[in-house]
Each structure stands twice: as C-alpha cells, then as structure tokens.
J.: 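Supplied in structure tokens, the structure appears directly below.
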Number of protein chains: 2
Amino acid sequence: MDARGQQGRRPRADVQRNRVALLEAAQRHFLTYGVGTSLEAVAKEAGVGPGTLYRHFPTREALLAAVLQTRSEELVARQEEIARLGDADKALEQWLRALEEYFSAFSGLPEPLMAAARAQDPDNPLTLPCDTVITATEEYVRAAQRTGYVRESVKGYDLFLAAISVAWLKGAGAAEEESLDRVRALVAAGYRKRNTEA
Amino acid sequence: MDARGQQGRRPRADVQRNRVALLEAAQRHFLTYGVGTSLEAVAKEAGVGPGTLYRHFPTREALLAAVLQTRSEELVARQEEIARLGDADKALEQWLRALEEYFSAFSGLPEPLMAAARAQDPDNPLTLPCDTVITATEEYVRAAQRTGYVRESVKGYDLFLAAISVAWLKGAGAAEEESLDRVRALVAAGYRKRNTEA
DNA sequence: GATAAAACGGAGGCTACCTCCGCAGTGGTT
DNA sequence: AACCACTGCGGAGGTAGCCTCCGTTTTATC
C-alpha cells in the first residue's frame, strides 16, 4: 500500500538506522583522528560489527564520500552565495577559499582526493565530487579571464591543485595561519594579471 | 695499536655490514613502494631479522634520514653549482627546483618532512635536514630580494612550503609534468616582482 | 504467529608493527 | 689456537588493524 516505486519489499528499518549511526561515528572519528582512523573503532562506536560497516561502505573511500556528502552540499550553497558577488575576480578568490576549506574538512583528506582525481576510476566514489569541483573551478577561471583579471595561461585544474596543496599544508599542520596566508597570497599573485607590488 | 680515539674495543665488523645492507635494501624499497613500505620486508631483503633493523634505526624516520643522507650531499653539491651562476633570481629558481627534486626522492616523503619541520622535535632525525634546507632557502630569497627580483613580503619558509607542496603533488601522482610546470610557473609569478604577462 | 529473505556481527586469517631475551659471532687476550 | 667476555643477532610473540565468511538474528509480509 505504500508509495515506493515498483516492486520488492520495503527496506528494513535497521539498515537506515545503522547507516546513520555509522555516518555519525565516522564523521566524529574523521574529525578527531583524520581519514586514516581505524574503521573497526568506527564500527564499535556506531554499535555495529565490522561486517556491517563493510557491507554498507565496502571501502574507506566509500565511507569518506558518504560523510563528505554534507560538505559538498555546503559547497553548492556557497556557490550560489558567490554568484551574487558579480565580480569575477572576487568570485574566483572566494571559490578557491571555499575549496580549500572543503579539502581541509578532515586531516589527510587531500591524499585520497588526489588519488581519485588522477585515477579517473569510475568505481572510486570520490571521483565524482572531485570532477565536479574541478569543472566548477574551470568555469570560475574562465569567467575571471573574460573580465581580464586572470592570465590566459592559467587553467582551472592548476588552481584546483593549488587549493588542494594548501589544504594539504594545513592538514600536515606544518604551517601556522600566518604562513598559509602568505602562500595564498603567493598563489593569488601568481594567477592574477595585475601586479600588486609589495 | 690502531688509531681509534680513546678506549673500548674496535667496533664489530657485522655491524657495519648489516648497516650497509639495510640502507641499500631500504633505498630500494623506498624507491619502489614509497616511504610507507613494510620495514619487515626491508629487513628480510637485507638478510637480517626485524630486531636488527630496529636496533640500527629505532624509527622509520631514522632509517629515512639515513637513506636521505646521500641525497642531502647531492643537494650541497648543487648549491656550489648554483653559486657559480651569479644571478640571484636564476639561483633561487634553480634552488627551488633542486629542493623539489630532493623532496620527491621517494613517494610520500613530504609527509614526514613536514611533520619534522613543524614539530621541531630534536629527537626526530628529519628535523636537522629540514631546518638546513629552510635556512638555505631563506638565504637565497634574501639575495634575490637584495637584487630586486623578489617581493619583500616573501619569506624563505613560504617558498619551502611551495616546493614541498609541488613535491607532494608529484608524489601523489595526480598531475602530469605539464600541469606541474604550470603550477611552478604560478609560484614563480607569485614571488617575483616583475610581471611576465601571459 | 509463521515464513522467507535480508541484514547482522563476530570469529578468524592475514599483514605489519615493535620488543624482548636466549644464543651466536666477534674482538681481544694469553 | 684456544679461550673469554661481550656485543649484536634474530626470531618468537603480543598487539592492532584490515577484511571476509557464514551461522544466527531481525525484519517485513502474509
């Protein structure tokens, strides 16, 4: 009598319950210990056995991608906000900043993202979000090039690489915010046409 | 009767023999599998037990630092070569390139180097080489600033970070040489005063 | 309730880390 | 050359994390 599409029985209640518990536990652990955290510990904290974790999320990347979903949505929301700016240069700058925050969501995140970006393996659940942000970056770059702010030789992928590098630096913990700001300025000075002397 | 310093018996021959075998095996494995390779496998290939490996090199970082010693010497040799250039701008550029190669010696090397650079733990055997190259970078930057090539706001540490980031990108394998070249150009355009339009 | 399908969970096999200590190899001495 | 003392060897073993397989439990439906 229920309105689900075609056939098959209604999905079991415990599946959804466990999935949510796993995602919450995973987020906590990724935040605290980075993406390399023990998956067994995640399962234990979610109150399920390791088998259940691996059935829901067959690889670490799958779990990561699922946890990252929320952040991806935040990123889309930011895009709308950025679109309201009008100024293509400011938009690109803000977008890169948003990207960087996204990549720094958990310590160690840049690594698997890079692996996904490179391998183009359609089975890797991180490939999709990766490609999405690269494409978006290319558009911001094109827009800023049309209005003459950005060098013609710069490609969107380059700035994706720059953003993920800065995120890596941040996650490697090796630099205080002050150093990071100077690196960001370095990148900005690198892609802009105008030369703000200093 | 032999000319060793003060007292104690002569060091045993097997110690040196094992040390060399370990270093060779470690270098091979680091080259092939990256810095995360199995240390037990290294010991086995060197023909010694795990205990011997850990006695010689109590941590992975210690082994890494010892293997890196050769490369550090190469880097010093390069410095002399660079000094002969005369041009401070070219010198800085070449130094950054040499740094990047040094950091890319093994896949995954940037991670422990960053950790050492940040923690300033005197017990970490990677801290010393790290500090050395940072100091050297600062000098190259100062020289290039004196001759007016480089922005005053740039710090040596920033360019160290930039170089290690590019090495990370290379090791993460995510970028072909073409993309890396564009990122390098981005960094160069970022730290230079002169604006080479494009 | 009864039934069948779906999901659970933990035991178990695997690999790697690192330590500890009985034993073997080595340098010095006679 | 034979002995001694000691330094260094190496592997067994405890720990932890990965991932799978399958007997058991939970669930939706009738």
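No hydrogens, no waters, no symmetry mates; every other heavy atom, side chains included, goes into these values. Labels below follow one simple rule: chain letters A, B, ... track the order of the sequence lines, proteins then strands, and each chain is numbered from 1.
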J.: Whole-Å distance between D:dC18 P and A:H29 NE2?
T.: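 Distance, rounded to whole Å: 12 Å.
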J.: What is the separation between atom CD on B:Q16 and atom C1' on C:dT26, rounded to the nearest whole Å?
T.: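 So the CD-C1' distance, B:Q16 to C:dT26, works out to 15 Å.
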J.: How would nucleotides 1-8 of chain C be written as a contact map, 5' to 3', with B for base contact, S for sugar-phosphate-only contact and - for no contact, using protein heavy atoms under 4.0 Å?
T.: ----BBSB
J.: I need the CZ-P distance between B:R10 and C:dT29, as an integer number of Å.
T.: 11 Å
J.: Apply salt bridge (Lys or Arg N to Asp or Glu O under 4.0 Å) to A:E101 and list each qualifying residue two or more places apart in sequence or on a separate chain.
T.: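 Only A:R78 meet the salt bridge (Lys or Arg N to Asp or Glu O under 4.0 Å) criterion with A:E101.
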J.: Round to a whole Å and report the spacing from CG of B:L22 to C1' of D:dC9.
T.: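 Nearest whole value for this atom pair: 12 Å.
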J.: Can you pull every protein N or O that's under 3.5 Å from an N or O on nucleotides 11-13 of chain C?
T.:
none

J.: Determine which pairs satisfy salt bridge (Lys or Arg N to Asp or Glu O under 4.0 Å) with at least one residue from residues 22-42 of chain A, sequence neighbours left out, and list them in order.
T.: A:R28-A:E45
J.: Does anything in residues 84-96 of chain B pair up under salt bridge (Lys or Arg N to Asp or Glu O under 4.0 Å), and if so which pairs, sequence neighbours excluded?
T.: B:D89-B:R192, B:E93-B:R192
J.: What pair of heavy atoms forms the shortest contact from B:N124 to B:A116, and how long is it?
T.: ND2-CB, 3.8 Å
J.: Can you tell me how far C1' of D:dG13 sits from OH of B:Y54, to the nearest Å?
T.: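 So the two atoms are 14 Å apart, to the nearest Å.
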J.: Any ring pair (Phe, Tyr, Trp, His ring centres under 6.0 Å) involving residues 98-148 of chain A? Give me the pairs, sequence neighbours left out, ordered by first then second residue.
T.: A:F30-A:F106, A:W95-A:Y140, A:F103-A:F160
J.: What residue pairs, at least two apart or across chains, pass salt bridge (Lys or Arg N to Asp or Glu O under 4.0 Å) with a residue in residues 166-190 of chain B?
T.: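 Salt bridge (Lys or Arg N to Asp or Glu O under 4.0 Å) check on residues 166-190 of chain B returns A:D158-B:R182, B:E100-B:K170, B:E100-B:R184, B:E177-B:R184, B:E178-B:R182, B:D181-B:R184.
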J.: For DNA chain D, what residues of residues 30-38 of chain A have any heavy atom nearer than 4.0 Å?
T.: A:T37, A:S38
J.: Taking only residues two or more places apart in sequence or in another chain, which ones pass side-chain hydrogen bond (donor to acceptor under 3.5 Å, both in side chains) with A:E111?
T.: B:W168
J.: For B:F57, which residues count as a ring pair (Phe, Tyr, Trp, His ring centres under 6.0 Å) partner, sequence neighbours excluded?
T.: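 Applying ring pair (Phe, Tyr, Trp, His ring centres under 6.0 Å) to B:F57 gives none.
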J.: Enumerate the ring pair (Phe, Tyr, Trp, His ring centres under 6.0 Å) contacts for residues 65-93 of chain A, please, sequence neighbours excluded, ordered by first and then second residue.
T.: none
J.: By ring pair (Phe, Tyr, Trp, His ring centres under 6.0 Å), which residues pair with B:H56, not counting sequence neighbours?
T.: none
J.: For A:A43, answer base if it contacts any base atom (sugar-phosphate contacts may also be present), sugar-phosphate if it contacts only those atoms, and nothing otherwise; contact means non-hydrogen atoms under 4.0 Å.
T.: nothing
J.: In whole angstrom, give the distance that lies between atom CZ of A:F57 and atom P of D:dC19.
T.: 15 Å
J.: How close or far is atom P of C:dT15 from atom CG of A:L39, stated in whole angstroms?
T.: 19 Å
J.: Begin from the C-alpha positions of A:Q145 and A:V154 and carry the test side-chain contact (heavy atoms from CB on, under 4.5 Å) through to its verdict.
T.: CA-CA 9 Å; A:Q145 281 171 335; A:V154 172; 4.3 Å; yes
J.: Return no unless some side-chain N or O of B:R17 is found under 4.0 Å from OP1 or OP2 of C:dT26.
T.: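 Result: yes.
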J.: Which is true for B:A41 with a 4.0 Å heavy-atom rule: it touches a base, it touches only sugar-phosphate, or it touches nothing?
T.: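 Touches nothing.
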J.: State whether B:R60 places a side-chain N or O below 4.0 Å from either non-bridging phosphate oxygen (OP1 or OP2) of C:dC17.
T.: yes
